[in-house]
2 protein chains.
Amino acid sequence: MTTIREVAKKAGVSVATVSRVINQNGYVKDSTFEKVQEAIKELNYRPSAIAVSLNNKKTKTIGLILPDITNPFFPELAKAVEEVANNYGYTMILCNSSGTVKNEIDQIELLQSKYVDGIILASDSFVEKDYKDVNLPMVLLDRGANPKNSSIRVNNFYGGVLATEHLLEQGCIKIAHLAGPKHVFTGQQRLEGYRSVVESMKWFDEKLVAYANYQLDDAITATKELLNKNKGIDGIFAGNDLMAIGCIKAIHSFGLSVPEDIAVIGFDGISLTNMIIPELSTIKQPIYEMGKEATNQIIKEIEGNHKESRDIEFDVTLIQRESTNRKRRPGLEDGATFKDNGNR
Amino acid sequence: MTTIREVAKKAGVSVATVSRVINQNGYVKDSTFEKVQEAIKELNYRPSAIAVSLNNKKTKTIGLILPDITNPFFPELAKAVEEVANNYGYTMILCNSSGTVKNEIDQIELLQSKYVDGIILASDSFVEKDYKDVNLPMVLLDRGANPKNSSIRVNNFYGGVLATEHLLEQGCIKIAHLAGPKHVFTGQQRLEGYRSVVESMKWFDEKLVAYANYQLDDAITATKELLNKNKGIDGIFAGNDLMAIGCIKAIHSFGLSVPEDIAVIGFDGISLTNMIIPELSTIKQPIYEMGKEATNQIIKEIEGNHKESRDIEFDVTLIQRESTNRKRRPGLEDGATFKDNGNR
DNA sequence: CAGGATTGTGAAACCGGTTACAGAAAGGGG
DNA sequence: CCCCTTTCTGTAACCGGTTTCACAATCCTG
């Protein structure tokens, strides 16, 4: 690798001048500028990002910590972060925390010692007391608010309301909720949304709430149990899309069908939802937007002099698809399956 | 941030001694060692990774370049890379190339100037002449071989054979192939595998091969076209799982069902395949293993003195699920749908 | 044309570590 | 007790840039 001193020698100037040419600051005579540029080109010189970082204490790198990149919610987020970061000349280090607080803390330590300029923490545990000595910009995604850090999230409570009311509108008269883990912020909020709608209804019963860990397999087990313990369930609001898919699989395993026997709605709006059959109704979060905004915010905090932290709440939207479509279109027999009649 | 000099002052020793304590090399008297350790603890000192890197020209960072993290094949790969890298004390920078060669080259340049120690290039374009002046370890994933770099891949040709033969065994008598993009290595190989099995058959016709870009939407369009142009197709081998899902959706839109009317098999073995209904048969690649091995190899090349590059080929396996299950179980009417009879 | 402002350039300190080297202290053998 | 190892520690150079400061050259103005 060529160094700035070699360039200086070749161009017959000092390293200071070369540095000025590279950063286009300070006074440099036109003819000198040319000479240096030429030397740079000839030697195929690129300044060492490390040496630069050692001076200005910026690495142009941000860390993204998330529970598990294989959870379909996160790739879209990661993509947004990476793209926006790249646009601003930053690169992104990705860390899977597996959702445990210990890993999260380790990852934060590691990122700090690698001198990332900021961290986006998209993990979901509640704990925050342990991050006390993180003194670099950090934005929180999908977590409880915190006076010190900016946070990005959606109105999970309202989403829960929306999902539940949608099932009611579709004529469901006994609606269960498959909630996310108890210690997870988003899961709690969505559950509260559901509860606020149904708790006054006469059919409501605490047994209609089950918990699972936001994963498919766990959701299948939990749904089977739910259906065994309760008679007459005709709608399920699942805490996320992955679990909604688990619901559907469990329902099918009982010989029932979706949405005819039981309508199912998820939460998140991952792209998976329109890949499965039946296509899944869901409460959509603007995932890409959230990642984009988180990245904008972290970069603003890194580069801005004033570090005003902000709380940004995005809206969720109901996406209605087949899995909750119980009001059949006129002209179709009840129970018939929809078909696009292609052009064959 | 505290520096090594502050620690030295606090412990009443020189920076050299502190450095010796940190790296546990050289001679240090026990009592001095203790003193220094104590000072380190008290000041909560962590050496700057940047300063260290400046000396030894290692950043303990590897870059992973892939076409698109939202393609479900890649998160699993990324996870493997990240986990193994972490185990060895490395962190991972993630880059989406969007599959274009220009971006790839830009990303490689960027990673080089950030002094990553090695790169895993999991992208799929053919071009390699442009990487001539990459002089740091690089392993190629799912690409054509290259004498200079190690490569990891599966036997895509054999996978194509396996998929096609499986459809034949299931009684299909006119099998189409929805191939990946023409310029992509894996797509070509899989197509060749298919072709080798069917080209001698009397029903074979070039019109049974369609191309799409490995994406869902594109696959839907291509499949519709395929079905319009050919009569009597009863089996489709899709170049990857995402396209297989597109196939199924297209088939449904024609009012046909899978696997009764048309059997469908994919390629990759992403976890999505057992989420959809019907569950998708596929040719499974050991994705996690591949990522793990790629990372092991890159670290070996980084840390090892000898840089023997290796070509590693993994085996693919046929996973049979509902989407190709045309040999009904005894006792079930033809055309009936399978149901687990839960315990309700 | 004198003298201040502006422009152009280089030497050297600095960022925060590692390490070669040299010298001091302690230990061991004759 | 002297001398030679071995153990211990500090000084200073170095990694590859940026930046301050001082000084030189040029320009402008009265």
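So you know, we letter chains A, B, ... as the sequences are listed, proteins then strands, and number each from 1.
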Under 4.0 Å, counting only non-hydrogen atoms across every strand here, what does A/Asn23 touch: a base, just sugar-phosphate, or nothing?
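Sugar-phosphate contact only - A/Asn23 comes under 4.0 Å of backbone atoms but never of a base.
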Output a table of donor-acceptor pairs, distance under 3.5 Å, between side-chain atoms of residues 22-34 of chain A and any protein atom two or more places apart or on a different chain; print 'none' if there are none.
| from | atom 1 | to | atom 2 | distance (Å) |
| --- | --- | --- | --- | --- |
| A/Asn23 | ND2 | A/Ser19 | O | 3.0 |
| A/Asn23 | ND2 | A/Ser19 | OG | 3.4 |

Short side-chain donor-acceptor distance under 3.5 Å, [Y] and [X]:
| X | Y | answer |
| --- | --- | --- |
| A/Tyr214 | A/Thr186 | yes |
| A/Glu83 | A/Tyr288 | yes |
| B/Glu301 | B/Ser150 | yes |

Review item, side-chain donor-acceptor pairs of residues 50-74 of chain B, under 3.5 Å, at least two apart:
| from | atom 1 | to | atom 2 | distance (Å) |
| --- | --- | --- | --- | --- |
| B/Ser53 | OG | B/Ala49 | O | 2.9 |
| B/Ser53 | OG | B/Lys58 | O | 2.9 |
| B/Asn55 | ND2 | B/Ala51 | O | 3.3 |
| B/Asn56 | ND2 | B/Val52 | O | 3.2 |
| B/Asn56 | ND2 | B/Lys58 | O | 3.2 |
| B/Thr59 | OG1 | B/Tyr115 | O | 2.5 |
| B/Thr59 | OG1 | B/Asp117 | OD1 | 3.3 |
| B/Thr61 | OG1 | A/Lys114 | NZ | 3.0 |
| B/Thr61 | OG1 | B/Thr59 | O | 3.0 |
| B/Asp68 | OD1 | A/Lys79 | NZ | 3.3 |
| B/Asp68 | OD1 | B/Thr70 | N | 2.9 |
| B/Asp68 | OD1 | B/Thr70 | OG1 | 2.8 |
| B/Asp68 | OD2 | B/Thr70 | OG1 | 2.9 |
| B/Asn71 | OD1 | B/Phe73 | N | 3.1 |

Taking any atom closer than 4.0 angstrom to a non-hydrogen atom of chain B, what span of DNA chain D does the protein reach, first nucleotide to last?
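Range of nucleotides touched by chain B: D/dT7 to D/dG16.
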Could you pull out all residues at least two apart from A/Gln107 that satisfy side chain to side chain donor-acceptor pair (under 3.5 Å)?
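For A/Gln107 there are no side chain to side chain donor-acceptor pair (under 3.5 Å) partners, ignoring immediate neighbours.
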Hey, where does DNA chain D pair up into stems, meaning at least three consecutive Watson-Crick or G-U pairs with distances under 3.5 Å?
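Runs of three or more consecutive pairs: C:1-30 with D:1-30.
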List in chain and number order the residues that pass salt bridge (Lys or Arg N to Asp or Glu O under 4.0 Å) with [X], two or more places apart in sequence or in another chain; answer none if no residue qualifies.
| X | answer |
| --- | --- |
| A/Glu42 | A/Lys10 |
| A/Arg46 | B/Glu109 |
| A/Lys41 | none |

Quickly work out the B/Lys57 NZ to C/dT19 P distance and round it to whole Å.
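After rounding, the gap between these two atoms is 13 Å.
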Contacting residues from residues 13-20 of chain A, given that a heavy atom lies under 4.0 angstrom of DNA chain C:
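Those residues are A/Val13, A/Ser14, A/Ala16, A/Thr17, A/Arg20.
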Do any pairs count as a salt bridge (charged side-chain N to carboxylate O under 4.0 Å, His left out) and have a residue in residues 16-27 of chain A, sequence neighbours left out, and if so which ones?
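Listed once each, the pairs would be none.
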Hey, could you give me each pair passing salt bridge (charged side-chain N to carboxylate O under 4.0 Å, His left out) that has a residue in residues 287-296 of chain B? Not counting sequence neighbours.
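Residue pairs passing salt bridge (charged side-chain N to carboxylate O under 4.0 Å, His left out), neighbours aside: B/Glu293-B/Arg310.
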Does any residue of residues 45-55 of chain B have a heavy atom under 4.0 Å from DNA chain D, and if so, which ones, in number order?
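Nucleic-acid contacts, sorted: B/Leu54, B/Asn55.
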If we ignore hydrogens and angles and just use 3.5 Å, is the side chain of B/Asn149 paired with the main-chain N or O of B/Leu140 as donor and acceptor?
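Absent.
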